[in-house]
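Since the structure is predicted, the reported quantities are computational estimates derived from the model, not experimental observations.
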2 protein chains.
Amino acid sequence: MKDNSEIVSLLGKHLQQIRKEKKLTLEQLSQKSGVSRSMLSQIERGQANPTFGTLWNLSRALGLDMSELVEEFESSGPISGKIDVLLAADTPRISNTQNGCTLAILGPHDQVGQFEWYELQIEPDGILDSQPHTQGTREHLTVLQGAAEVTSGDQTIQLNVGDTGRYKADVPHAIRCAGKVALKALLVVMG
Amino acid sequence: MKDNSEIVSLLGKHLQQIRKEKKLTLEQLSQKSGVSRSMLSQIERGQANPTFGTLWNLSRALGLDMSELVEEFESSGPISGKIDVLLAADTPRISNTQNGCTLAILGPHDQVGQFEWYELQIEPDGILDSQPHTQGTREHLTVLQGAAEVTSGDQTIQLNVGDTGRYKADVPHAIRCAGKVALKALLVVMG
DNA sequence: ACCAAAAATCCTTTATATTGGAATATTTCG
DNA sequence: CGAAATATTCCAATATAAAGGATTTTTGGT
């Protein structure tokens, strides 16, 4: 076989960088991926040449595509050092007075489609009914005030103050205000 | 190791498809890549699980990027259809009673490093002082109650209820409770 | 500085990726 | 159809990926 120790070694460094960014220990990554800590250690140090299957397990555990795991990292452009402020009055909102819903769009515009977050408010008896988003999308709802009833697919669940629900958003889904007071919640959508 | 024979088998089929499109025999591909015919045959039939180094050699021989070789398999694995609930009582928290800070970790564990989000509470006069995160990280802070004073690098800014601040988090930064009541805020960290 | 806990590395054993060549199957062409 | 040429699969031997436990190193608190 041709010599490729160089590229194998680079892969190891890249893997280690990703793991450290996620603040995972070898043990934790081992648990999630099913790959032994010793193997992980050897891979990171370029002393082992992982199989495709092992890389697959690792990419799944790290929440990455295979291609992200194997591609060379491109230098991200410089980011403005100043603090950007979005005043409450300027915060874009989506209101549906019909159903008593208000969504304050809190995320930056340049991340739409990947990761969006909202402060959600629903009046008593109101409901936020949503069509399926793109394949693989998930929503994470944390109740800040009141109570919510979440339906995703054929399942329904009740969430109280402080509770978080995580569910598929690539099927029809709905959030209902389940109490006598308005529901306030944090809604995170990950594509 | 977790079972991944299914995906390994798919890789084999994909490789064979590419080879036939290029009208190469096992022998020819073997010559160009340095991988033995027998190994190629086994890989294509899903009877072997090639190493990263072998895949690298193959991708070079086929004139493909590594990511192109594996791009068929980028879509994320099956995601549970059931709603996952994290009760308020079970929500992991980071407390620093010294500085009157509490962070409720709301994001799922498998996204650490990419996106993390928290509900942040700081008592009057309290402060959350943070060391730099990894290069390129930004934080997004939305005030839910009270008022905050955010410092990032050499800049400081005041945020009131409903305001959102976005700033570099790869430099030393701090969030201070700027009012007489406790600060409650949503903190999103993007790596 | 010390100690205890956690994390990473090292060591041994097992499973298997990889090879070269022999055997089989497939295609080509008279 | 049959033989030669080519392509693929099977087999035995070797190198090494992978796992599990033991040891060393690092980390964090007092």
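- Judged by distance alone with a 3.5 Å cut-off, a donor-acceptor contact links the side chain of A:Ser38 to the base of D:dG20.
- Rounded to a whole Å, the CG atom of A:Leu26 is 14 Å from the P atom of D:dT26.
- Spacing between atom CD of B:Gln16 and atom P of D:dA7 amounts to 15 Å, rounded to whole angstrom units.
- With a 4.5 Å cut-off on side-chain heavy atoms, A:His140 and A:Leu186 do not count as touching.
- Distance CD (A:Glu27) to P (C:dT9): 14 Å, rounded to an integer number of Å.
- D:dT6 atom C1' lies 14 Å from atom CD of B:Gln31, rounded to whole Å.
- Rounded to whole angstrom, the span from the CD atom of A:Gln42 across to the C1' atom of D:dA19 amounts to 10 Å.
- Rounded to whole angstrom, the span from the CG atom of B:Leu58 across to the P atom of C:dA17 amounts to 15 Å.
- An OP1 or OP2 oxygen of D:dA17 is reached within less than 4.0 angstrom by no side-chain nitrogen or oxygen of A:Thr54.
- Inter-residue side-chain proximity for B:Leu183 and B:Val143 is flagged as met; some heavy-atom pair is nearer than 4.5 Å.
- In this pair, A:Tyr167 and A:His173 present their aromatic rings tilted. The plane angle is within the 30 to 60° band.
- Atom CZ of B:Arg176 is surrounded by 12 or fewer heavy atoms from other residues, nucleotides or ligands within 6.0 Å.
- For the pair A:Thr51 and C:dT16, the criterion of a side-chain N or O lying under 4.0 Å from OP1 or OP2 is not met.
- Dashed line: the shortest gap from a side-chain N or O of B:Ser41 to OP1 or OP2 of D:dT9 is under 4.0 Å.
- Closest to the side chain of A:Thr25, from the set D:dA17, C:dA8, C:dT9, is C:dA8.
- Here the side chain of B:Asn49 is nearest to one of C:dT9, D:dA19, C:dA17, namely C:dA17.
- Computed from coordinates, the A:Arg37 CZ to D:dT24 C1' distance equals 15 Å when rounded to whole Å.
- Summarising the geometry, the separation between CG on A:Leu40 and C1' on C:dC10 is reported as 15 Å, rounded to the nearest angstrom.
- When each of A:Glu44 and B:Phe52 is assigned the nucleotide of DNA chain C bearing its nearest heavy atom, the one mapping closer to the 5' terminus is A:Glu44.
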